[in-house]
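Bear in mind that the values here come from a model prediction, so they are computed numbers and not experimental data.
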Amino acid sequence: MQLLRNPKPCVSQFHHLLRLKITPNSSCPSKHFSIVSTTDPTTTEPTTPTTSTPVLIDAGSSNRKPVNLWPGMFHSPAIYALWEARSSTLEKTNGPSLPKAPSRSRTTIFYNFSSDHMLREQYRNPWNHIRMGKLVEDFDALAGTVAFKHCSNEDGTARPLLLVTASVDKMVLKKPIHISADLTIVGAVTWVGRSSMEIQLELIQSAQGNPNISNSPALVAKFTFVARDSATGKAAPINQVSPENEEERLLWEEAEERNKLRKRRNQEQKHGECEDTSRLKALLAEARIFCDMPALANRDSILMTDTCLQNSFICQPQQRNIHGRIFGGFLMRRAFELAFSTAYAFAGAAPHFLEVDHVDFFKPVDVGNFLRLKSCVLYTEHDNSDEPLVNVEVVAHVTKPEHRSSEVSNRFYFTFGVDPEGIKNGLRIRHVVPATEEEARKVLERVDAENLTLVKKDGNLQVVKEHKSTPNTNILRSSLRSSLPTISEPLLIDLRKLLN
């Protein structure tokens, strides 16, 4: 509470912006921030710069150059630092070079939260926890920088490619993130196709003597980027990746399997092989009671349409990326904050983030577009009574009133947990009922994607974590989630292969 009453941080931040504006020609780096090379991505001590070691980028290096040199103005310090790291690369028309090792593109962002009060204030939410929406935004920016570095030539120059975020496969929170402790985000390419690549990011928080914090990854995400030729807009070939050790080979194999599964699902959807008439009828049966006999409907259930929220805004030029399009991380942050608000209003208690289940980028969003974000609770999970889960969908629509048109640009799926102590006075997390066939299909699609199942309990269809083929898998998945911070990545990959 003392931080909220003290006006000094606000004054300090305002002075920081003024200083950037009145010294546009200043090239002196801040005494607090630097870009150095390091062999250990978790260390904060600078070492001798080399060309083969990963780069550690300080999240606070935004005041190294004036803001008018960057495409957008209102981004996080980490995004400014990443754009600065790309700015020295020139464009050439050379084709793809030889395969690159993941270490060639590995990049780290360092957040000095323990001593940098201004930086910490920008990432703090009203409950004095980390503001996850801004970290999600930074994750997208770091993934873009890693993709940019991987597609560069051996001499450090880059071809004129458009690198865009195609999807986010998973972003899993494995343990709480503390706002007062330093953290780093590490990203590297794990798999490459002809014109697409998968980038894995890990957030590691420094223990700094705190027994409640371990050095294992706290947040892991997988981004898929695609390359387009800047002149034709068609898919462009990119550098292949060459794993250097067993862990990197396992990551590559896992990503290759995900790519094959993704293609197989796309083919099934095109040929209509995913239809499940019996499950659709079961989901819609309860909706008919709500519509035809609302007085007899289950009091522990609610129609999906009654959980919806939405907001609209014009995409401003300050939110654009280096390609002149709206920054994907900005869209993810806005979607996350709407999803959080939806779960908050639905549960009656402040939720906590658990996963970004999936994100699809269908169409680019341009400056000046009228964007509408619509959210709803897809379903809830009650198999763990100590922590009910709320699954939220956010759909972004690019609306053009002058053309009388509206099309989907993005779909986001999030999972939030609700602490039992936050639910008081007998308030329960209700089951969500789809009222239309389109809503029912969306629920089934996400249930299948997450390897969940629908079970009839107390007259309601409920979503539970139960594998279709092995009855004990649910117990194993629960224990795996609770022990993730202590499992090494190669062992974790092997366990996932056994589960799937």
Side-chain angles (χ1 to χ4, degrees), residues 132-133 136-137 139-140 143 164-172 196 198 221-226 258-259 261-270 274 283 304-305 307-313 315 319 325-343 346 353-366 369-380 389-400 405-416 432 434-452 463:
M132 289 302 306
V136 168
E137 186 176 22
F139 263 55
D140 183 76
V164 296
T165 312
S167 65
V168 181
D169 189 48
K170 273 289 184 182
M171 185 179 294
V172 182
S196 61
E198 182 179 280
K222 294 179 176 62
F223 283 71
T224 300
F225 272 69
V226 295
R258 277 193 299 272
N259 183 59
L261 178 61
R262 187 160 47 243
K263 291 181 177 179
R264 188 161 58 247
R265 285 178 176 172
N266 291 338
Q267 290 297 323
E268 290 175 353
Q269 290 177 358
K270 288 180 180 179
C274 291
L283 276 175
M304 185 183 296
T305 53
T307 69
C308 296
L309 292 178
Q310 64 175 303
N311 59 37
S312 305
F313 55 90
C315 297
Q319 297 149 1
R325 294 262 172 72
I326 297 302
F327 176 43
F330 168 79
L331 299 176
M332 291 181 65
R333 175 168 63 83
R334 291 297 298 259
F336 174 88
E337 292 174 351
L338 178 59
F340 181 91
S341 301
T342 303
F346 173 80
F353 167 79
L354 289 177
E355 294 182 5
V356 175
D357 298 317
H358 191 75
V359 178
D360 285 313
F361 291 79
F362 299 116
K363 295 180 179 296
V365 181
D366 294 320
N369 279 166
F370 175 23
L371 200 67
R372 302 179 65 190
L373 297 180
K374 301 179 180 180
S375 67
C376 68
V377 178
L378 276 185
Y379 57 87
T380 57
L389 305 183
V390 179
N391 295 267
V392 181
E393 178 194 53
V394 179
V395 182
H397 297 260
V398 173
T399 304
K400 299 179 180 179
S405 67
S406 179
E407 55 185 355
V408 174
S409 61
N410 305 83
R411 289 187 185 272
F412 310 84
Y413 298 95
F414 303 91
T415 298
F416 297 92
V432 178
T436 66
E437 185 173 325
E438 179 184 0
E439 292 176 350
R441 288 185 185 278
K442 289 196 297 185
V443 172
L444 292 180
E445 179 184 341
R446 294 314 306 163
V447 166
D448 292 341
E450 297 298 318
N451 287 328
L452 306 175
V463 178

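- Within the cation-pi definition used here (under 6.0 Å to the ring centroid, within 45° of the axis), Arg446 qualifies as a partner of Tyr413.
- Between the CG atom in Leu354 and the OG1 atom in Thr415 there is a gap of 7.0 Å [rounded to 0.5 Å].
- When side chains are defined from C-beta on, Thr305 counts as touching Glu439, because their heavy atoms get closer than 4.5 Å.
- Here Glu450 pairs with Lys170 in a salt bridge; the nearest charged N to carboxylate O distance falls below 4.0 Å.
- The CD atom of Gln319 sits 8.0 Å away from atom CZ of Arg333, with the distance rounded to the nearest 0.5 Å.
- Using the six-membered ring where Trp is involved, Phe139 and Phe223 have ring planes that are tilted, between 30° and 60° apart.
- Aromatic rings from Phe370 and Phe313 are positioned such that their centres are separated by 6.0 Å or more.
- With hydrogens and angles disregarded, no donor-acceptor distance shorter than 3.5 Å links the side chain of Ser375 to the backbone of Thr342.
- Taking 4.5 Å as the limit, some side-chain heavy atom of Asn311 sits within range of a side-chain heavy atom of Leu338.
- To the nearest 0.5 Å, atom CD of residue Glu393 and atom NE2 of residue His358 are 11.5 Å apart.
- Between the CG atom in Leu331 and the CG atom in Leu371 there is a gap of 6.5 Å [rounded to 0.5 Å].
- The backbone N or O of Glu137 sits nowhere less than 3.5 Å from a side-chain atom of Asp140 that would complete a donor-acceptor pair.
- No side-chain donor from either of Ser167 and Asp360 sits under 3.5 Å from a side-chain acceptor of the other.
- Contact detail for Lys363 and Val408: the closest heavy-atom pair is CD-O, 4.0 Å.
- The closest side-chain donor-acceptor pair between Thr224 and Asp169, if any, does not fall under 3.5 angstrom.
- Salt-bridge check for Arg441 with Glu437: passed, with a basic side-chain N closer than 4.0 Å to an acidic carboxylate O.
- Atom CG of Leu444 sits about 10.5 Å away from atom OH of Tyr379, to the nearest 0.5 Å.
- Using a 4.5 Å cut-off on side-chain heavy atoms (C-beta onward), Asn391 and Asp357 make contact.
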